[in-house]
S.K.: 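Just dropping this structure here.
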Amino acid sequence: MPELPEVETIAKALREGGRDGSAILGRRIHRAHLLWEGTLETPSPGEFKSRIAGQKIRNVGRRGKYLLLDLSTDTMLIHLRMSGDLLVETKHHSPAPHHRMMLDLEGGLRLSFNDPRKFGRVWLTQEPRTVLGKLGPEPLDANFTAPYFYELLRARHRQIKPLLLDQAFIAGLGNIYTDEALHSARIHPLTLADSLDLTQAEKMLAGIRQVLREGISRNGASIDWVYRGGDFQNHFRVYQRTGEPCPDCETPIERIVVGQRGTHFCPTCQPFMK
DNA sequence: CACGAGACCTGTTCGC
DNA sequence: TGCGAACAGGTCTCGT
């Protein structure tokens, strides 16, 4: 689910707080509740609870699809995977179905991790690099240039779509934004990365940045009940639009399976070049 | 190195 | 209406 724009939206919301003044920055964590221990990747439940108690939330950031909570002495990393969400609630609220972890904060607030499918994971560590170390570059980083992207693509004899989903190649893209970016760049999802020329690499990077920026400006995509307020789902051009006319040329959008993921593209705008 | 299948989970939608 | 199949924003591991 949550891809870079959704995680960025959540990080921003946690930093800025709600209209009700429910800001969590600067607050001390009184106590952690683990409703499903499998959520915790490291350390053990006992050490997690004793170590996190008393630490303050200094800041909230993002790297790839990971949320980073800077605490007094540790970093808490959260990966929402397919169905995770973070909510700020009050302490009195009884735990909703699928709550997996709750952090009681000073001032009666509570930061809750809800995750129906139980794929999400949490780490508490003083060395976030051990978790983030293998991530590829941030696509929106100004230091990530088109010529460099072209060099990376040229070194890989692999279909472009699964390559863009590979977090070690580039961080933050998921199934929605990959399909949208390929359509924006007019590149077929099965195109081999090392067959793209510099001009196509430039278009690919521009497409990635364009759809990510649009996703962020629309507060992400809210499919089903998750990620309240996001609007990008109403602006998909190909994702989950099988059979609907391409917004650029009217050709019906096609769906194929690539690397076991549903893949949506326009056969006219994105012709397969061998 | 590249790729496909299977696993990890639960909920919703689709097709008969 | 009922019920099983298919599908879902992600990632890891294993076998070829």
Side-chain angles (χ1 to χ4, degrees), chain A residues 1-11 35-42 62-67 77-86 96-101 113-123 130-136 139 152-182 189-195 208 211-212 214-216 218-243 255-264:
Chain A
M1 113 26 274
E3 307 178 30
L4 187 155
E6 288 75 32
V7 178
E8 182 67 31
T9 298
I10 291 171
L35 287 74
W36 186 66
E37 294 190 346
T39 285
L40 197 54
E41 193 73 35
T42 190
R62 177 196 63 76
R63 169 78 170 102
K65 301 176 191 173
Y66 290 83
L67 268 171
L77 301 96
I78 304 169
H79 198 303
L80 303 169
R81 295 284 174 89
M82 291 287 266
S83 61
D85 195 8
L86 281 176
H98 314 307
H99 269 19
R100 308 303 181 196
M101 171 182 297
F113 177 51
N114 185 280
D115 184 24
R117 293 180 72 177
K118 297 182 175 174
F119 288 163
R121 291 293 181 271
V122 170
W123 297 254
T130 60
V131 182
L132 307 173
K134 284 159 54 175
L135 286 182
L152 294 181
L153 289 168
R154 218 167 51 130
R156 305 299 290 269
H157 190 65
R158 222 185 141 178
Q159 294 170 342
I160 185 72
K161 159 132 185 185
L163 183 60
L164 294 178
L165 289 173
D166 182 346
Q167 302 300 298
F169 181 74
I170 185 169
L173 292 174
N175 212 31
I176 294 176
Y177 293 92
T178 299
D179 281 3
E180 295 294 324
L182 286 165
L190 298 180
T191 308
L192 291 173
D194 60 2
S195 77
I208 289 168
V211 300
L212 290 178
E214 183 183 356
I216 291 170
R218 296 190 185 282
N219 295 315
S222 310
I223 297 180
D224 300 333
W225 66 99
V226 188
Y227 315 115
R228 312 126 331 253
D231 179 48
F232 188 56
Q233 71 279 7
N234 298 316
H235 301 270
F236 295 160
R237 297 166 79 80
V238 291
Y239 183 75
Q240 283 186 345
R241 297 228 182 278
T242 310
R255 180 186 186 275
I256 59 176
V257 175
V258 181
Q260 305 181 116
R261 312 299 302 278
T263 297
H264 315 77

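Computed from a prediction, not measured in an experiment: that's the story for all the values here. Side chains included, hydrogens not; waters and symmetry mates left out as well; all remaining heavy atoms used. Residue numbers begin at 1 in each chain, while the letters A, B, ... track the order of the sequences.
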S.K.: Applying salt bridge (charged side-chain N to carboxylate O under 4.0 Å, His left out), can you list everything that pairs with A:Lys65, at least two apart in sequence or on another chain?
M.R.: none
S.K.: Not counting sequence neighbours, which residues clear ring pair (Phe, Tyr, Trp, His ring centres under 6.0 Å) with A:Phe232? List them please.
M.R.: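 A:Phe232 satisfies ring pair (Phe, Tyr, Trp, His ring centres under 6.0 Å) with A:Tyr177, A:Phe236 once adjacent residues are dropped.
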S.K.: Can you pull every protein N or O that's under 3.5 Å from an N or O on nucleotides 13-16 of chain C?
M.R.:
none

S.K.: Might you list the N or O atoms of the protein lying below 3.5 Å from N or O atoms in nucleotides 14-16 of chain B, with each pair's distance?
M.R.:
none

S.K.: Excluding sequence neighbours, so at least two apart, what forms ring pair (Phe, Tyr, Trp, His ring centres under 6.0 Å) with A:Phe119?
M.R.: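 A:Phe119 satisfies ring pair (Phe, Tyr, Trp, His ring centres under 6.0 Å) with no residue once adjacent residues are dropped.
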S.K.: How many Å lie between CE on A:Met82 and P on B:dT10, as a whole number?
M.R.: 14 Å
S.K.: Can you sort out the partners of A:Asp166 under salt bridge (charged side-chain N to carboxylate O under 4.0 Å, His left out), two or more places apart, ordered by chain and number?
M.R.: A:Arg158
S.K.: Output one line per pair: protein atom, nucleotide atom from nucleotides 1-5 of chain B, and distance, for all N/O pairs under 3.5 Å.
M.R.:
from	atom 1	to	atom 2	distance (Å)
B:dA2	OP1	A:Arg156	NE	3.3
B:dA2	OP1	A:His157	N	3.4
B:dA2	OP2	A:Arg156	NE	3.2
B:dA2	OP2	A:Arg156	NH2	2.9
B:dC3	OP2	A:Arg158	NE	3.2
B:dA5	N7	A:Gln260	OE1	3.3
B:dA5	N7	A:Gln260	NE2	2.9

S.K.: For A:His235, enumerate each residue passing the side chain to side chain donor-acceptor pair (under 3.5 Å) test, keeping only those at least two apart in sequence or located in another chain.
M.R.: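 Only A:Arg218, A:Asp231 meet the side chain to side chain donor-acceptor pair (under 3.5 Å) criterion with A:His235.
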S.K.: For DNA chain C, what dot-bracket results from Watson-Crick or G-U pairs at under 3.5 Å, with [ ] for crossers and | for inter-strand partners?
M.R.: .|||||||.|||||||
S.K.: Output all residues satisfying salt bridge (charged side-chain N to carboxylate O under 4.0 Å, His left out) with A:Arg154, sequence neighbours left out; order by chain, then residue number.
M.R.: A:Glu151
S.K.: Please pick, from C:dC7, C:dT11, B:dC8, the nucleotide with the shortest atom-to-atom distance to any side-chain atom of A:Arg255.
M.R.: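 Shortest atom-to-atom distance from the side chain points to C:dC7.
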S.K.: Who are the ring pair (Phe, Tyr, Trp, His ring centres under 6.0 Å) partners of A:His79, not counting sequence neighbours?
M.R.: A:Tyr66
S.K.: Just call it for A:Gln240: base, sugar-phosphate, or nothing, with non-hydrogen atoms closer than 4.0 Å on any strand.
M.R.: sugar-phosphate
S.K.: Any idea which of B:dC9, C:dA8, C:dT11 is nearest the A:Tyr239 side chain?
M.R.: C:dA8
S.K.: Taking only residues two or more places apart in sequence or in another chain, which ones pass salt bridge (charged side-chain N to carboxylate O under 4.0 Å, His left out) with A:Glu37?
M.R.: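 For A:Glu37, no residue satisfies salt bridge (charged side-chain N to carboxylate O under 4.0 Å, His left out) once neighbours in sequence are set aside.
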S.K.: Could you check which of B:dC9, B:dG11, C:dG10 has an atom nearest any side-chain atom of A:His98?
M.R.: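 The closest nucleotide is B:dG11.
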S.K.: Can you tell me which nucleotide in B:dT10, C:dA8, C:dT11 comes closest to the side chain of A:Gln167?
M.R.: C:dT11
